[in-house]
Participant: 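Can you read through this structure? Questions will come right after.
Chain letters run A, B, ... following the sequence lines, proteins first and then strands; every chain starts at 1.
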Amino acid sequence: MSLEEYNPQKLENLIQESWKQMDSYKADLSETKEKFYCLSMFPYPSGKLHMGHVRNYTIGDVISRFKRMQGFNVLQPMGWDAFGLPAENAAIQNKVDPKSWTEQNIQSMRSQLERLGFSYDWSREVKTCDPNYFKWEQEIFTKLQKKGLVYRKKSLVNWDPVDETVLANEQVIDGKGWRSGATVELKEIDQWFLRITDYADELLSSIENLDWPENVKSMQKNWIGKSFGSEIKFALLNSDELTAFTTRIDTIYGVTFIAISPNHPIAQNLAKDNAEINEFIKECNAIKMAEADLAKADKLGLKTNLKVRHPFSDNNLDVWIANYVLMDYGTGVVMGVPAHDERDYEFAKKYNIEIKQVIESDELPSPKKGKLIDSDNFTGQESDEAIKNINDYLEKNAIGKSIENFRLRDWGVSRQRFWGCPIPVVFDKGKPIFLEKKDLPVELPKIKDGESPKPLSQNKDFFDLGSGKTREVDTFDTFVDSSWYYARFTAADNDEKALDDDSKYWLPVDLYIGGIEHAILHLLYSRFFHKAMRDIGLVEGDEPFKKLLTQGMVLKDGFKMSKSKGNTVDPQKFIDKYGADTIRLYMMFTSPPEQSLEWSDTAIEGSYRFLKRIWTLISDRKIFLEEPPKDFSKLELKLRQKSHQTLKKVTNDYGERNSFNTAIASIMELLNAIPDSFKLNDATSAEAFCLDEVIQFTLKMLSPITPHISLYLWKKYTDSDGHNFEHSWPKYIEDFLKVEDFQLIIQVNGKVRGKEIISVDADQTVIEKLSKENENVKKVLANQHIKKVIYVKEKLINFVI
RNA sequence: GGGGAUGUGGUGGAACUGGUAGACACGCUUGGCUUAGAACCAAGUGCCGAAAGGUGUGGGGGUUCGACUCCCUCCAUCCCUACCA
């Protein structure tokens, strides 16, 4: 079948059928080819692809196709992050089974992905809600427990007393439950934790070896937050003591109060027989606040009648309970130094606490290090020196020590949801038993038609196993599901084991592509999981993702596309109108992958127009197969040079820079550079040969981005089945890149005053002479004394006057 | 509050290593084709100015023969902040 006009719908359908028949993108181990595992972050199956998905998956597919053309053995899988809140919400709202809701969404999104022509190996598709997936997750959890990486701890959650459910942060709006509107309460419950902090040092140090963007590396380092500081004991007057953590022990003489977290055991104890303190702590703990909200909240404090003795000055200091002191960081006790800490300063001002300066500075508060003042023996020392000396003193007198501290906290993985992977634990009279492979998977209970899912804790059939045995009713955080899927893709068809030897061939992922919003949590959890799986013998290597590409967001009118803003654009509309190739081309052309992309309904027309021009140029032509002619004219050589230059640039832009927009621009330039006469029927054979070279290069260079039209036109142009086309990246010839002359920029005091075409053979003396002869330059230089001449080879000359 | 980015024509962006700012597109203007429109083709298009020329990369300052690029400072916008994924 042959098309007269460019008809993307028909053309793309034909090509996609041929891919399916050939099973073109199935990946297997290879003895001869170098592997390339290209992974894009799998989506939550919300129902429809959004522009962010289209962009993410186009980037991954372009790179996969390029690598395949270069001869790599490419694995590019796709799957579904299928557990999560939206399914549960939809299920409750519409009284449907979250499973069938999710399955339907997967079906429609998979067909959208297929329509876009992504070269996935669908035989490896995984769904995290499939027992064949989460069974292995449950087994891994049990193995992690054996390794000592699992423990149980009480922690606080947001509780909706009307719906009787635990709420996620985003489900709490102004302190009320989003559905019920009830005032949210804090509730303390037992939860499972993974000891990610055991790996804190390794997670920090091995960042250095990753080929990741520097900004993501910085974010992870700062999140882990290793700091060197001191623990110092303050004796309470009642013979008990409080231990504070500080990174600025040099300011010890500036301590004017002690602040403890509302959740500190001492505060909790005081609350027992003091109504005022009890009330205050309740106020601080009204809801579980996100760190950002906590930071913005007003500083609140309550003075207790506890006092401590300052270990250096013997003054007595008041102990305050303050909402800005976190129990999770350090020791939950802060030594208040208002003169040299912004938060302490604000607090001291509010409650009229003394401010005592102990570091030289012009104004207060001053958090900078400097020379100590009013600090007894340490006066006059610089901060770093004083820190060392004071730490020595603390250790000598057994009132403290220098320590390392991490900001990173252990990972709480318990969720009180229905639609998640059940945590594989059975309690026998309260004692946890971790289930082994033979008892797995623990599956979710079935939902009958017309029923909404209810929390597992309310489903007696599920949890009550009789004779004092009960099942764990919590499910895993969905981040657990997504922390190891990259590895499961390598063993997706293995029903016997979570992972097998194939992971040794395919891992690590060579390139991982996804949104910058995952820079910390998902990527850190996955790195931790990989190391933990390594230590239980499941995988090799220290890191899961060798190289990372973080894509920017898709914007409309300068804002992130979102339902609440009402500025979403459905990609399907544009796939229907222009086809997959056009939308892929637009996504890649319109901005570099790391930056945000501004969607424009009209600009996409330009990409469509470009493909139509390609069609017009090539669809009626046949390949020119003759040997290259012996002689080329200057014009012909110029075009050949442009072809090879473009090929070199595109190879580098795809392979090294991930700069697809500039690659496309240079292909456009190449096509614009074809002299009209070369396209005529009576063109000489040399001209035909040069045009032929442009066409062959262009189809291959465009193939990763617009695979359908490229393959279709290749078959037509070469009268072949295009058998090897998708494995044949062309090579440029160095000889064609050489230039004979260049454009010299002539500057006077850094301002461009003229341009001359100069032979590359010319030496500086000649160039200087020629430059001065330039009409315009001559005018500017008239009667001027030249102080200095700067010549940059084959670029510019600058006369300083 | 903390951490991380971004800022260039009317618009998306280019300038890769400190060396011609605005490549390549979108839009717009003019012309061609057309009964008309769409599509397509050609030319022009940072700003001020008739021109010569001047000016211009968020604002201010600095380093340099030369700065979108390096340094300081301020402003604006966005992402993450541990139960959205």
Side-chain angles (χ1 to χ4, degrees), chain A residues 41-44 46 81 83-86 157-158 166-172 191 196 213-223 225 288 290-297 324 328 342-343 346 407-417 477-479 482 515-522 524-525 550 552-553 555 558-560 586 589-592 594-600 602-607 609-610 612-613 616 649 652-653 656-657 659 661-662 664-669 672 743-752 755 787-790 792 795-801:
Chain A
M41 290 181 186
F42 66 169
Y44 180 80
S46 55
D81 190 11
F83 278 133
L85 277 179
V157 292
N158 285 318
V166 174
L167 298 176
N169 286 344
E170 67 162 12
Q171 295 176 315
V172 179
Q191 305 211 64
I196 189 171
E214 284 305 319
N215 60 334
V216 178
K217 288 187 180 185
S218 296
M219 282 191 250
Q220 292 222 342
K221 282 184 209 161
N222 291 325
W223 183 264
K288 202 178 164 217
E291 195 192 313
D293 297 324
L294 200 66
K296 273 180 226 131
Y324 72 95
D328 294 321
E342 308 263 2
R343 287 160 306 174
E346 196 186 318
R407 209 187 76 96
L408 182 68
R409 308 197 296 256
D410 275 337
W411 177 12
V413 293
S414 294
R415 296 292 182 273
Q416 297 68 39
R417 316 259 182 260
D477 177 6
T478 54
F479 275 127
S482 56
I516 183 71
E517 65 273 21
H518 295 291
I520 296 172
L521 294 179
H522 164 62
L524 192 68
Y525 291 145
T550 48
M553 291 172 305
L555 311 177
F559 296 99
K560 184 180 178 174
Y586 176 74
F589 179 57
T590 207
S591 58
E594 287 91 349
Q595 280 178 40
S596 56
L597 180 149
E598 176 69 34
W599 177 265
S600 159
T602 50
I604 191 174
E605 284 272 1
S607 296
R609 223 175 281 164
F610 175 69
K612 276 196 291 188
R613 274 202 291 272
T616 309
K649 176 167 173 55
N652 185 51
D653 281 356
E656 305 301 322
R657 298 209 307 151
S659 178
N661 55 331
T662 52
I664 295 165
S666 63
I667 296 169
M668 289 172 169
E669 272 186 74
N672 292 344
Q743 189 186 41
L744 177 79
I745 303 305
I746 308 163
Q747 296 183 338
V748 177
N749 281 355
K751 281 195 174 135
V752 180
K755 298 170 187 179
K787 288 188 208 152
K788 201 173 166 187
V789 179
I790 289 145
V792 182
K795 268 209 178 108
L796 64 78
I797 189 160
N798 187 13
F799 296 103
V800 184
I801 57 172

Participant: For Ser596(A) versus Ser591(A), what's the shortest heavy-atom pair and its separation?
Facilitator: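 Of all heavy-atom pairs spanning Ser596(A) and Ser591(A), the closest is O-OG, 3.3 Å.
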Participant: In whole Å, measure the gap between the C1' atoms of G22(B) and G9(B) for me.
Facilitator: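 Their C1' atoms lie roughly 7 Å apart.
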Participant: For RNA chain B, write out the stems as range with range, using runs of 3 or more consecutive Watson-Crick or G-U pairs with both distances under 3.5 Å.
Facilitator: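 The stems are B:1-7 with B:75-81, B:10-12 with B:24-26, B:27-32 with B:40-45, B:46-48 with B:53-55, B:58-62 with B:70-74.
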Participant: I'd like the P distance from A15(B) over to U20(B), given in whole Å.
Facilitator: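 After rounding to an integer number of Å, I get 13 Å for this pair.
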Participant: Should the side chain of Gln416(A) and the base of C83(B) be counted as holding a donor-acceptor pair, with the cut-off at 3.5 Å?
Facilitator: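 Between C83(B) and Gln416(A), which were checked side chain against base, a qualifying N/O pair under 3.5 Å is present.
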Participant: Output the rounded distance in Å from NZ (Lys787(A)) to C1' (G66(B)).
Facilitator: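 Lys787(A) atom NZ is separated from G66(B) atom C1' by 14 Å.
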Participant: In whole Å, measure the gap between the C1' atoms of U57(B) and C47(B) for me.
Facilitator: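 The same atom, C1', in both gives a distance of 13 Å.
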Participant: With rounding to the nearest 0.5 Å, note down the distance linking CG in Leu408(A) to CG in Asp328(A).
Facilitator: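 Those atoms lie 11.5 Å apart.
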Participant: Within the 4.0 Å heavy-atom criterion, would you say Leu408(A) contacts the bases, only the backbone, or no part of the nucleic acid?
Facilitator: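 Leu408(A): base contact, heavy atoms under 4.0 Å.
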Participant: Relative to the 5' end of RNA chain B, which residue comes earlier, Leu521(A) or Thr590(A), by the nucleotide with the nearest heavy atom?
Facilitator: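 With Leu521(A) and Thr590(A) compared, the 5'-side residue is Thr590(A).
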Participant: How is Met41(A) classified with respect to the nucleic acid when contacts are heavy atoms under 4.0 Å: base, sugar-phosphate, or nothing?
Facilitator: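 Nothing, no nucleic acid heavy atom in range.
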Participant: Classify the nucleic acid contact of Val216(A) as base, sugar-phosphate or nothing, counting any heavy atom under 4.0 Å across all strands shown.
Facilitator: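 Nothing, no nucleic acid heavy atom in range.
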Participant: With a 3.5 Å cut-off and heavy atoms only, can you find an N or O donor on one side and an acceptor on the other between the side chain of Gln191(A) and the base of C83(B)?
Facilitator: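 Side chain to base: pair found, below 3.5 Å.
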Participant: May I ask you to say what Trp223(A) touches in the nucleic acid, namely base, sugar-phosphate or nothing, with a heavy-atom cut-off under 4.0 Å?
Facilitator: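 Counting heavy atoms under 4.0 Å across all strands, the contact made by Trp223(A) includes a base.
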Participant: Does Arg417(A) make a side-chain N or O approach to OP1 or OP2 of A85(B) shorter than 4.0 Å?
Facilitator: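 No, because none of the side-chain N or O atoms of Arg417(A) sits under 4.0 Å from OP1 or OP2 of A85(B).
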Participant: Using the C1' atom as the point on both nucleotides, what is the distance between C16(B) and C71(B), in whole Å?
Facilitator: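 Roughly 22 Å separates the two C1' atoms.
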Participant: Remember a base hit wins even if backbone is also touched, and classify Lys612(A) as base, sugar-phosphate or nothing at under 4.0 Å, heavy atoms.
Facilitator: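 Lys612(A): backbone/sugar contact only, no base atoms under 4.0 Å.
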Participant: Is the base of G9(B) syn or anti, if syn means a glycosidic angle within 90° of 0?
Facilitator: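 Here the answer is syn: the torsion falls within 90° of 0.
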Participant: What integer distance in Å separates Glu594(A):CD from G13(B):C1'?
Facilitator: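 Checked: the CD to C1' distance equals 14 Å.
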Participant: How far, in whole Å, is U73(B) from U81(B) if one measures between their P atoms?
Facilitator: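 Going atom to atom, P in each nucleotide, I get 28 Å.
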Participant: Sort me out a list of protein N/O and nucleotides 20-30 of chain B N/O pairs below 3.5 Å, or just none if empty.
Facilitator:
from, atom 1, to, atom 2, distance (Å)
U20(B), O2, Lys755(A), NZ, 2.9
U20(B), N3, Gln743(A), OE1, 3.2
U20(B), O4, Gln743(A), OE1, 3.2
A23(B), O2', Glu669(A), OE2, 3.2
A25(B), OP1, Asn672(A), ND2, 2.8
C26(B), OP1, Arg609(A), NH1, 2.8
G27(B), OP2, Arg609(A), NH1, 3.4

Participant: How close or far is atom C1' of G19(B) from atom CD1 of Ile797(A), stated in whole angstroms?
Facilitator: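 Computing the Ile797(A):CD1 to G19(B):C1' distance gives 13 Å.
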Participant: With nearest nucleotides of RNA chain B determined for Leu597(A) and Thr478(A) from heavy-atom distances, which residue corresponds to the more 5′ nucleotide?
Facilitator: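 It is Leu597(A), whose closest nucleotide lies nearer the 5' terminus.
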Participant: Ignoring the backbone of Glu291(A), work out which of U81(B), C84(B), C65(B) is nearest its side chain.
Facilitator: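 Of the options given, the side chain of Glu291(A) lies nearest U81(B).
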Participant: What distance do Ser666(A) atom OG and Asn672(A) atom CG have between them, rounded to the nearest 0.5 Å?
Facilitator: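 CG of Asn672(A) is found 11.5 Å from OG of Ser666(A).
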Participant: Mind checking the C1' distance from C78(B) to G58(B)? Whole angstroms is fine.
Facilitator: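 After rounding to an integer number of Å, I get 15 Å for this pair.
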Participant: Are side-chain heavy atoms of Val157(A) and Gln191(A) found at a separation under 4.5 Å?
Facilitator: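 Yes, side chains in contact.
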Participant: Contact between Thr590(A) and Ile604(A) at the side-chain level, heavy atoms closer than 4.5 Å - yes or no?
Facilitator: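 No; the side chains remain at least 4.5 Å from each other.
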Participant: Can you check the Asp293(A) CG to C84(B) P distance for me, whole Å?
Facilitator: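 Those two atoms, CG and P, are 12 Å apart.
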Participant: Using a cut-off of 4.0 Å on non-hydrogen atoms, how would the nucleic acid contact of Lys296(A) be classed: base, sugar-phosphate, or nothing?
Facilitator: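 No contact at all - Lys296(A) keeps every heavy atom at 4.0 Å or more from the nucleic acid.
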Participant: Quick check: any donor-acceptor pair below 3.5 Å linking the side-chain of Gln595(A) to the base of G13(B)?
Facilitator: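 Not at all, since no donor on one side and acceptor on the other fall under 3.5 Å apart.
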Participant: Which heavy atom in Glu598(A) sits nearest to a heavy atom in Tyr586(A), and how many Å separate them?
Facilitator: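 Here Glu598(A) and Tyr586(A) meet closest at O-OH, 3.1 Å.
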Participant: Can you tell me how far apart CZ (Arg417(A)) and CG (Asp477(A)) are? Round to the nearest 0.5 Å.
Facilitator: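 Reported to 0.5 Å precision, the distance equals 9.0 Å.
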Participant: What nucleic acid atoms does Lys649(A) come within less than 4.0 Å of, heavy atoms only: base, sugar-phosphate, or nothing?
Facilitator: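 Base, at least one base atom sits under 4.0 Å.
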Participant: Side chains of Trp411(A) and Phe479(A): closer than 4.5 Å at any heavy-atom pair?
Facilitator: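 Counting from C-beta outward, Trp411(A) and Phe479(A) do come under 4.5 Å.
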Participant: What nucleic acid atoms does Val166(A) come within less than 4.0 Å of, heavy atoms only: base, sugar-phosphate, or nothing?
Facilitator: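 Here Val166(A) touches the bases of the nucleic acid.
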Participant: Quick one: closest heavy-atom pair of Asn661(A) and Pro592(A), and the distance?
Facilitator: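 Taking Asn661(A) first and Pro592(A) second, the nearest heavy atoms are ND2-CD, 3.6 Å.
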Participant: Rounded to whole angstroms, how far apart are CD1 on Ile790(A) and C1' on G18(B)?
Facilitator: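 Taking atom C1' of G18(B) as the reference, CD1 of Ile790(A) is at 12 Å.
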Participant: How many Å lie between CG on Asn215(A) and C1' on G4(B), as a whole number?
Facilitator: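 After rounding, the reported distance stands at 6 Å.
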Participant: Let me see the working for Arg343(A) and Glu346(A) under salt bridge (charged side-chain N to carboxylate O under 4.0 Å, His left out), right down to the final yes or no.
Facilitator: CA-CA 5 Å; Arg343(A) 287 160 306 174; Glu346(A) 196 186 318; over 6 Å; no
Participant: Ala292(A) near the nucleic acid: base, sugar-phosphate alone, or nothing, with a heavy-atom cut-off under 4.0 Å?
Facilitator: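 The answer is base, as Ala292(A) lies within the cut-off (heavy atoms under 4.0 Å) of a base atom.
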Participant: How long is the gap from CH2 on Trp223(A) to CZ on Arg407(A), to the nearest 0.5 Å?
Facilitator: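 So the gap between those two atoms works out to 5.0 Å.
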Participant: Can you tell me how far apart OH (Tyr44(A)) and CG (Leu85(A)) are? Round to the nearest 0.5 Å.
Facilitator: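 These two atoms lie 7.5 Å from each other.
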Participant: With a non-hydrogen cut-off below 4.0 angstrom, is His518(A) in contact with a base, only sugar-phosphate, or nothing?
Facilitator: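 Counting heavy atoms under 4.0 Å across all strands, the contact made by His518(A) includes a base.
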Participant: Using the P atoms only, state how far A85(B) lies from A25(B), rounded to an integer number of Å.
Facilitator: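 43 Å, rounded to whole Å.
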Participant: Which is true for Phe479(A) with a 4.0 Å heavy-atom rule: it touches a base, it touches only sugar-phosphate, or it touches nothing?
Facilitator: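 Base contact.
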Participant: Please work out if Ser414(A) contacts a base, only the sugar-phosphate, or nothing of the nucleic acid, heavy-atom cut-off 4.0 Å.
Facilitator: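 Touches a base.
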Participant: Would you indicate, yes or no, if C83(B) has its OP1 or OP2 atom less than 4.0 angstrom from a side-chain nitrogen or oxygen of Arg415(A)?
Facilitator: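 So the side-chain polar atoms of Arg415(A) do come within 4.0 Å of the phosphate oxygens OP1 or OP2 of C83(B), strictly under.
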Participant: With rounding to whole Å, what would you report as the distance between U69(B) and U6(B) at their P atoms?
Facilitator: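 To the nearest whole Å, 13 Å.
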Participant: Taking the minimum atom-to-atom distance to the side chain of Lys795(A), which one of C80(B), G19(B), G4(B) wins?
Facilitator: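 Among the listed nucleotides, the one closest to the side chain of Lys795(A) is G19(B).
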Participant: For a quick check of understanding: with a heavy-atom distance under 4.0 Å over all strands, which category does Pro592(A) fall into, base, sugar-phosphate or nothing?
Facilitator: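 Since only primed, P, OP1 and OP2 atoms lie under 4.0 Å of Pro592(A), the category is sugar-phosphate.
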Participant: For U55(B), take OP1 and OP2 only and decide whether either is under 4.0 Å from a side-chain N or O of Lys751(A).
Facilitator: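 For U55(B), OP1 or OP2 has a side-chain N or O of Lys751(A) closer than 4.0 Å.
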Participant: Ignoring hydrogens and angles, are the base of C83(B) and the side chain of Asn169(A) linked by a donor-acceptor pair under 3.5 Å?
Facilitator: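 When only heavy-atom distances are counted, Asn169(A) does not reach the base of C83(B) through any donor-acceptor pair under 3.5 Å.
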Participant: Holding to side chain to side chain donor-acceptor pair (under 3.5 Å), I want the full list of residues that pass it with Asp81(A), two or more places apart in sequence or in another chain.
Facilitator: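 Side chain to side chain donor-acceptor pair (under 3.5 Å) check on Asp81(A) returns nothing, list empty.
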Participant: Take atom CD1 of Ile520(A) and atom P of A5(B), then tell me their distance rounded to the nearest Å.
Facilitator: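 Taking CD1 of Ile520(A) and P of A5(B), I get 11 Å after rounding.
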